[in-house]
2 protein chains.
Amino acid sequence: MASHNSYTPSAPAIPESYEPEDYRYPQRHGTSPPTTSLYGQQRPRPHPVPSHVYGGYSSFQPGTHTDVIRSFQAVDRDGSGYIEEKELQQALSSQYQRFSLRTIRLLMFLFKNPSDPLRIGPREFAALWSCLGEWRAIFQKFDKDRSGKIDMLELRDAFYSLGCVIPSSVLQVLISKYDDGSGRSIELNFDSFIECGMIIKGLTEKFKEKDTRRTGSATFTYDSFMSVVIPFLLAYD
Amino acid sequence: MASHNSYTPSAPAIPESYEPEDYRYPQRHGTSPPTTSLYGQQRPRPHPVPSHVYGGYSSFQPGTHTDVIRSFQAVDRDGSGYIEEKELQQALSSQYQRFSLRTIRLLMFLFKNPSDPLRIGPREFAALWSCLGEWRAIFQKFDKDRSGKIDMLELRDAFYSLGCVIPSSVLQVLISKYDDGSGRSIELNFDSFIECGMIIKGLTEKFKEKDTRRTGSATFTYDSFMSVVIPFLLAYD
């Protein structure tokens, strides 16, 4: 199996929550400090499927839920074992919703296998599916009126529960992005929530890689700064 | 006049080229070290137009070329003094070409007046026009066979002539972005050149703001890192 990059849940590099002392989020609403990894955890799944269902180079792991395998198979019509962005969009819509291609491209970027960045294989798909499930649970927890939307403060609380402290300056940028000028309070649907979440979490993990002593500051060379940021910018293409 | 952010040519903050000692680009092809600001320089324009042509809060400066004013007026049909993204796309197409909306949004992000980020006024438009003119001259200089495209090594040389050293890791990311898998050499048209250029230059200037001693390294707090990068990511929306 080819190596995974640090964004996939199976990557061991950054499993803990991010809480530099200087940027610790104040306890609010009685929530506990974050304890989970943002990209989800590998848990035993019900309805295990025999490992021979998918063989070869990049197969589903034993124990993968049948829904995951069926969703993948439904769009991988040529049985190649890989799906592309529009197929991923279709596969996820069976369980979640129809994500924008923008969000789909970001998910592919974050969950891709570096050796094959334009397609998603079974293991990447299962990891992505699992992650989305955990994020949906978070989203639903904060969508108290079941409107399918959460406001920006709830977004901040949701991220905190995931171990991620959104700086107020970033919250302002997000608010201005989603402000349609109508004067109504700004709310995010699940698609936008995932888009925001993947950007924030992906960048947070890249920052953590440089903040090895967990001081809340990180030093980048020019090369490393550009090399970290530009792939995110180009991920949408 | 409202204050401009650091991306506009009139901003005095970062007028010089970026050449930290550790990351100096080796001299190639006999090119001289970079001497110009990437976002262009305010130069006297021929065909000055009386300053009363546009009055009020955000007018064209005296000496603005008539082509600039006419292009702006042609799309600002309600005479509001501001244009939006599709109008900007149309206005630039008269002099340059039809840029993708993706590039247009990036240009708006980089040249916007912070107090009115969704529209472009006369001064921002003139600055953007002037900058594109200088970038086109660079592009044409490196497009030696006048094909309307330059390859990735020419892109690197073009950026060097603009004072910007593209790390090889970033060049690899760009190559992978524009690689269509056909095996042909990768080439950029002017639209993609401007998109790449604005991303690289915008991020370089942000890095320079933190690298005050020009050592080639910069320390970011978590907040400052996220606050620098996320607006770029959201600029395309």
query = Hey, are the side chains of B:Leu234 and A:Ile199 touching, using non-hydrogen atoms and a 4.5 Å cut-off?
reply = yes
request  = Please name all residues satisfying ring-ring contact (aromatic ring centres under 6.0 Å, His included) with A:Phe99, sequence neighbours left out, ordered by chain then number.
outcome  = A:Phe190
request  = For the residue pair A:Leu203 and B:Phe225, establish whether any side-chain heavy-atom pair is separated by less than 4.5 Å.
outcome  = yes
ask   = Taking C-beta and beyond as the side chain, do A:Ile230 and B:Ile200 meet within less than 4.5 Å on heavy atoms?
value = yes
query = With distance as the sole criterion, is a donor-acceptor pair present between the side chains of B:Thr219 and A:Thr219 under 3.5 Å?
reply = yes
key: Top of A:Cys196, A:Ser224, A:Ser227, A:Ala218 for chain B proximity - count of heavy-atom pairs under 4.5 angstrom   = A:Ala218
request  = Ignoring hydrogens and angles, state whether a donor on the side chain of A:Tyr222 or B:Thr204 is under 3.5 Å from an acceptor on the partner side chain.
outcome  = yes
